[in-house]
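What you see is a predicted model, and the numbers here were worked out from it, not measured in a lab.
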Amino acid sequence: MTGLGWIAAIIVGAIAGWLAEQFMRSNMGILMNIILGIGGALILNAILLAVLGSTLGGWIGQLVIGFIGACLLIALARMLRRAA
(Lines give C-alpha, C1' and ligand atoms only; values in the text may rest on other atoms or scores of the structure.)
Protein backbone atom coordinates (compact mmCIF):
# COMPACT_ATOMS: atom_id res chain seq x y z
CA MET A 1 0.00 0.00 0.00
CA THR A 2 1.62 3.11 -1.28
CA GLY A 3 2.85 5.55 1.35
CA LEU A 4 1.52 3.66 4.38
CA GLY A 5 3.46 1.85 7.06
CA TRP A 6 2.81 -1.75 8.09
CA ILE A 7 0.45 -0.90 10.93
CA ALA A 8 -1.48 1.60 8.82
CA ALA A 9 -1.72 -0.92 5.95
CA ILE A 10 -3.21 -3.52 8.31
CA ILE A 11 -5.71 -1.01 9.71
CA VAL A 12 -6.75 0.26 6.27
CA GLY A 13 -6.88 -3.33 4.96
CA ALA A 14 -9.11 -4.42 7.82
CA ILE A 15 -11.50 -1.52 7.26
CA ALA A 16 -11.57 -2.07 3.49
CA GLY A 17 -12.15 -5.80 3.96
CA TRP A 18 -14.94 -5.20 6.44
CA LEU A 19 -16.62 -2.67 4.15
CA ALA A 20 -16.36 -5.10 1.23
CA GLU A 21 -17.79 -7.87 3.41
CA GLN A 22 -20.78 -5.70 4.28
CA PHE A 23 -21.27 -4.50 0.69
CA MET A 24 -21.02 -7.99 -0.85
CA ARG A 25 -23.12 -9.56 1.95
CA SER A 26 -20.41 -12.04 2.77
CA ASN A 27 -19.72 -13.63 6.15
CA MET A 28 -16.02 -13.81 7.04
CA GLY A 29 -13.88 -13.25 10.09
CA ILE A 30 -11.62 -10.33 10.92
CA LEU A 31 -8.47 -12.12 9.72
CA MET A 32 -10.02 -12.82 6.32
CA ASN A 33 -11.18 -9.18 6.15
CA ILE A 34 -7.60 -8.01 6.68
CA ILE A 35 -6.28 -10.47 4.09
CA LEU A 36 -8.93 -9.47 1.53
CA GLY A 37 -8.41 -5.75 2.13
CA ILE A 38 -4.62 -5.87 1.86
CA GLY A 39 -4.61 -8.45 -0.94
CA GLY A 40 -7.22 -6.53 -2.89
CA ALA A 41 -5.26 -3.31 -2.50
CA LEU A 42 -2.03 -4.95 -3.64
CA ILE A 43 -3.66 -6.50 -6.71
CA LEU A 44 -5.57 -3.38 -7.73
CA ASN A 45 -2.52 -1.15 -7.13
CA ALA A 46 -0.48 -3.40 -9.44
CA ILE A 47 -3.20 -3.26 -12.10
CA LEU A 48 -3.50 0.53 -11.83
CA LEU A 49 0.27 0.97 -12.03
CA ALA A 50 0.45 -1.24 -15.13
CA VAL A 51 -2.49 0.42 -16.91
CA LEU A 52 -2.35 4.05 -15.76
CA GLY A 53 1.18 4.33 -14.44
CA SER A 54 -0.17 5.74 -11.18
CA THR A 55 -2.28 4.82 -8.18
CA LEU A 56 -4.21 6.62 -5.46
CA GLY A 57 -2.17 7.69 -2.46
CA GLY A 58 -2.88 8.31 1.19
CA TRP A 59 -5.25 6.65 3.62
CA ILE A 60 -8.47 7.44 1.76
CA GLY A 61 -7.09 6.47 -1.64
CA GLN A 62 -5.81 3.16 -0.35
CA LEU A 63 -9.09 2.53 1.46
CA VAL A 64 -10.96 2.96 -1.83
CA ILE A 65 -8.47 0.76 -3.69
CA GLY A 66 -8.61 -1.90 -0.95
CA PHE A 67 -12.42 -1.87 -0.91
CA ILE A 68 -12.71 -2.29 -4.68
CA GLY A 69 -9.99 -4.95 -4.73
CA ALA A 70 -11.57 -6.89 -1.88
CA CYS A 71 -14.97 -6.78 -3.63
CA LEU A 72 -13.32 -8.14 -6.77
CA LEU A 73 -11.67 -10.95 -4.79
CA ILE A 74 -14.97 -11.90 -3.13
CA ALA A 75 -16.70 -11.93 -6.52
CA LEU A 76 -13.90 -14.07 -8.00
CA ALA A 77 -14.12 -16.54 -5.10
CA ARG A 78 -17.89 -16.83 -5.60
CA MET A 79 -17.44 -17.48 -9.33
CA LEU A 80 -14.84 -20.16 -8.68
CA ARG A 81 -17.01 -21.78 -6.01
CA ARG A 82 -19.96 -21.97 -8.44
CA ALA A 83 -17.80 -23.43 -11.19
CA ALA A 84 -16.50 -26.22 -8.97
Side-chain angles (χ1 to χ4, degrees):
M1 295 185 155
T2 311
L4 299 179
W6 286 100
I7 302 290
I10 291 171
I11 293 169
V12 169
I15 294 169
W18 179 80
L19 288 172
E21 176 186 52
Q22 299 302 309
F23 182 74
M24 298 292 288
R25 299 200 193 284
S26 173
N27 188 14
M28 299 177 199
I30 185 71
L31 182 60
M32 188 55 99
N33 287 343
I34 294 170
I35 292 169
L36 283 173
I38 293 174
L42 290 174
I43 291 169
L44 201 56
N45 273 322
I47 291 170
L48 287 175
L49 282 174
V51 173
L52 301 176
S54 178
T55 185
L56 300 176
W59 285 68
I60 301 297
Q62 290 303 308
L63 182 63
V64 170
I65 294 289
F67 170 74
I68 295 170
C71 286
L72 291 174
L73 287 177
I74 291 171
L76 179 67
R78 286 181 179 170
M79 286 187 335
L80 291 174
R81 198 176 319 150
R82 285 184 194 150

Which atom pair, heavy atoms only, marks the closest approach of L44 to G69?
CD2-N, 3.8 Å
Could you report the tightest heavy-atom contact between A20 and A70, atom names first, then the distance?
CB-CB, 3.6 Å
Would one find more than 12 heavy atoms of other residues, nucleotides or ligands at under 6.0 Å from atom CG of L80?
yes
To the nearest 0.5 angstrom, please state how far the CG atom of N33 sits from the CG atom of L19.
9.5 Å
Tell me, which pairs form a ring-ring contact (aromatic ring centres under 6.0 Å, His included) where one or both residues lie in residues 33-56, sequence neighbours left out?
none
Mind checking what makes side chain to side chain contact (heavy atoms under 4.5 Å, CB included) contact with I43, not counting sequence neighbours?
I47, L73
Polar side-chain atom of E21 near backbone of M28 as donor-acceptor pair, under 3.5 Å
yes
Counting only heavy atoms not in I7, do more than 12 sit closer than 6.0 Å to its CD1 atom?
no
Find the distance between CZ (R78) and CG (L76) and round it off to the nearest 0.5 Å.
11.5 Å
Minimum heavy-atom distance N45-I65, with the two atoms named
OD1-CG2, 3.8 Å
G66 versus A16, closest heavy-atom pair with distance:
C-CB, 3.6 Å
Distance in Å, I11 CD1 paired with I38 CD1, rounded so as to fall on 0.5 Å steps:
10.0 Å
Inter- and intrachain pairs under ring-ring contact (aromatic ring centres under 6.0 Å, His included), touching residues 22-75, at least two apart
F23-F67
From CD1 (I74) to CZ (R25), nearest 0.5 Å
12.5 Å
